[in-house]
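Report on one structure; see the data block that follows.
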Protein chains: 2
Amino acid sequence: MKLRPRQQRILEFIQEYLDEYDYPPTIREIGKAAGISSTSVVNYNLEKLTEMGLIQRNREVSRGLRLVGYLSKHSRKLQDESKVPLYGKIAAGEPIPMPVNPKEVLDHVMVPPELLPKSGEVFALCVEGHSMIDALVDTGDIIIVRSQPTVNNSEMAVVEIMEPHEKAGATLKYFQQEGSQVELRPANPDPAYHSFWLRSDQVKVYGKVVSVLRRYQ
Amino acid sequence: MKLRPRQQRILEFIQEYLDEYDYPPTIREIGKAAGISSTSVVNYNLEKLTEMGLIQRNREVSRGLRLVGYLSKHSRKLQDESKVPLYGKIAAGEPIPMPVNPKEVLDHVMVPPELLPKSGEVFALCVEGHSMIDALVDTGDIIIVRSQPTVNNSEMAVVEIMEPHEKAGATLKYFQQEGSQVELRPANPDPAYHSFWLRSDQVKVYGKVVSVLRRYQ
DNA sequence: CTTGACAAAGAACATGTGTTCGTTTATACT
DNA sequence: AGTATAAACGAACACATGTTCTTTGTCAAG
């Protein structure tokens with residue numbers, strides 16, 4: 001069974017009403033909002049919505065309905081505020097071919113507000129590689145990144161080495177810039193890991209790491 | 001103005017009713033629940049509660065009341081599930097005198113469910129000291145600890161070295177036990193940090209570290 | 001004991017609100 | 001076009017529910 005526009009409107013209105021008053025509307029209030037002149041028509045549509053499982057009703061009870069799946073404004077705020085999109089993996093080591101760019105959101109990670117910056121968009125990445133272990137970040141860690149086009153020196157940053165560089169790809173490194181010269185510096189005593197030196201136009205900054213989450217096992 | 005038992009009962013009932021039905025009760029339902037035979041008495045008490053600011057009413061509207069500060073079951077679950085008590089600081093280095101024991105909860109930390117164990121009580125501590133940097137944990141990190149009386153070998157654990165040992169206090173270390181011999185091993189290449197060897201009865205295990213949170217700056 | 005303020009009770013009332021039903025209009029299918 | 005079904009309408013109805021008023025009970029202060 002399909003949802004008619006009028007029924008859609010009814011559902012929307014119930015939600016708006018609940019948001020505003022914390023108790024459900026009467027059928028007359030619904031009728032007024034949905035442009036329905038007769039209470040019986042509202043009743044009729046509410047029965048349909050009940051059959052579809054979108055609302056539940058208690059007969060003979062004033063305002064005796066509930067919106068299935070309704071979350072209070074407070075609940076929604078709580079959920080959304082802390083939900084950060086996870087874009088994929090990020091290399092801490094050899095750059096990997098752009099898993100950060102695609103707007104495909106693989107998943108969402110709940111992040112406590114204490115770990116989020118006061119302002120700005122954030123996203124999450126899963127670290128793969130050992131180049132930042134002296135910065136206390138290793139494979140499996142989730143990093144929270146604040147999207148920004150530039151970062152300060154010696155901040156940990158998610159950057160892309162642009163094509164056609166042979167090491168093109170996204171990577172996690174300490175960022176250092178002197179003039180137009182950019183150093184992408186790992187944090188690993190092993191000499192196998194070493195800095196990349198690039199011109200600033202060969203590097204695109206995605207953002208800086210603001211926090212880290214780690215789960216053992 | 002003081003809250004009378006009957007009014008207390010009314011508030012409780014409204015909350016229970018909201019939890020169950022998602023809409024507020026009528027004054028008659030309240031009366032029945034609170035053992036009040038007359039609707040006018042319910043009305044009288046609701047007016048008092050309104051004066052006290054504990055509820056809000058819409059006159060002439062059926063079920064036209066809201067419980068100030070009410071959170072839906074869903075909201076409360078969302079908040080409580082992820083709220084972990086922060087007991088204080090924990091030494092990663094020289095043991096410090098028991099900041100873990102007191103049940104005084106200094107604060108609460110929101111922790112996403114993904115970082116919590118499937119079962120068991122957890123608490124949070126703020127790390128102070130550098131003894132675990134090779135384990136990617138350093139000063140300022142928040143560790144989430146699952147309360148348990150024993151841990152497996154080479155798990156990171158919060159333990160107390162019992163009085164009257166000279167190093168008595170709580171500390172964060174890798175735990176290793178062979179027979180009744182316990183090694184508390186740091187994770188720092190600096191030889192200034194070294195293992196403690198103790199008898200198992202000199203060590204009290206508080207729990208194992210299950211996750212880590214870090215905020216930069 | 002009396003008084004006054006507060007709390008409670010009960011009943012009558014007014015209206016808010018869901019229900020029902022006969023009828024009409026739209027929609028879809030042969 | 002004709003017909004059946006769904007959707008909408010309006011009005012009357014029944015009862016669910018808040019309001020009001022008078023009376024009674026309680027309790028502390030004078």
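Everything numeric in this text was worked out from a predicted model, so none of it was measured. Here is the naming used below: chain letters follow the sequence lines, and residue numbers restart at 1 for every chain.
Contact check, Arg28(B) against dG10(C): no side-chain N or O comes under 4.0 Å of OP1 or OP2. Close to dT19(C), at under 4.0 Å from its OP1 or OP2, lies a side-chain N or O of Asn43(A). Taking 4.0 angstrom as the limit, Thr39(A) places none of its side-chain polar atoms (N or O) nearer than this to OP1 or OP2 of dG18(C).
Side-chain proximity of Arg6(B) to the nucleotides dA12(C), dG18(C), dA8(C) is greatest for dA8(C). Distances were taken from every side-chain heavy atom of Ser40(B) (C-beta onward) to each of dA9(C), dA8(C), dT19(C); the shortest belongs to dA9(C).
Distance, Arg63(A) CZ to dT17(C) P: 4 Å, rounded to whole Å. Look at CD1 on Ile30(A): it is 17 Å from P on dG16(C), rounded to the nearest Å. Rounded to whole Å, atom C1' of dT17(C) lies 14 Å from atom OH of Tyr23(A). Distance Ile27(B) CD1 to dG10(C) P: 15 Å, rounded to the nearest Å. dT17(C) atom P lies 14 Å from atom CZ of Arg57(A), rounded to whole Å. The distance between atom NZ of Lys32(A) and atom C1' of dG18(C), rounded to the nearest whole Å, is 18 Å.
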Let me see the working for Ile36(A) and Ile30(A) under side-chain contact (heavy atoms from CB on, under 4.5 Å), right down to the final yes or no. CA-CA 8 Å; Ile36(A) 300 174; Ile30(A) 294 172; 5.7 Å; no
Evaluate the side-chain contact (heavy atoms from CB on, under 4.5 Å) criterion for residues Val137(B) and Leu136(A): first the C-alpha distance (whole Å), next the side-chain angles of each, then the deciding distance (0.1 Å), finally the verdict. CA-CA 7 Å; Val137(B) 173; Leu136(A) 310 175; over 6 Å; no
What verdict does the side-chain hydrogen bond (donor to acceptor under 3.5 Å, both in side chains) test give for Tyr23(B) and Asn58(A), after you've listed the backbone C-alpha separation in whole Å, the side-chain angles of each residue and the deciding distance to 0.1 Å? CA-CA 11 Å; Tyr23(B) 48 80; Asn58(A) 279 10; 2.8 Å; yes
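DNA chain C is contacted by both Glu29(A) and Arg59(A); Glu29(A) maps to the nucleotide lying nearer its 5′ end (nearest heavy atom per residue).
Minimum interatomic distance between Gly129(B) and Thr139(B) (heavy atoms only, all atoms of both residues): N-OG1, 2.9 Å. Taking every heavy atom of both residues into account, Arg57(B) and Ile55(B) meet most closely at CG-CD1, 4.1 Å.
Test Arg214(B), Arg215(B), Lys89(B) against Asp141(B) for salt bridge (Lys or Arg N to Asp or Glu O under 4.0 Å) and you get one pass: Arg214(B).
With a heavy-atom cut-off of 4.0 Å to chain B, the contacted part of DNA chain D has its first and last nucleotide at dT17(D) to dC21(D).
Taking the side-chain hydrogen bond (donor to acceptor under 3.5 Å, both in side chains) definition, one finds that Thr26(B) meets it with Glu29(B), sequence neighbours left out.
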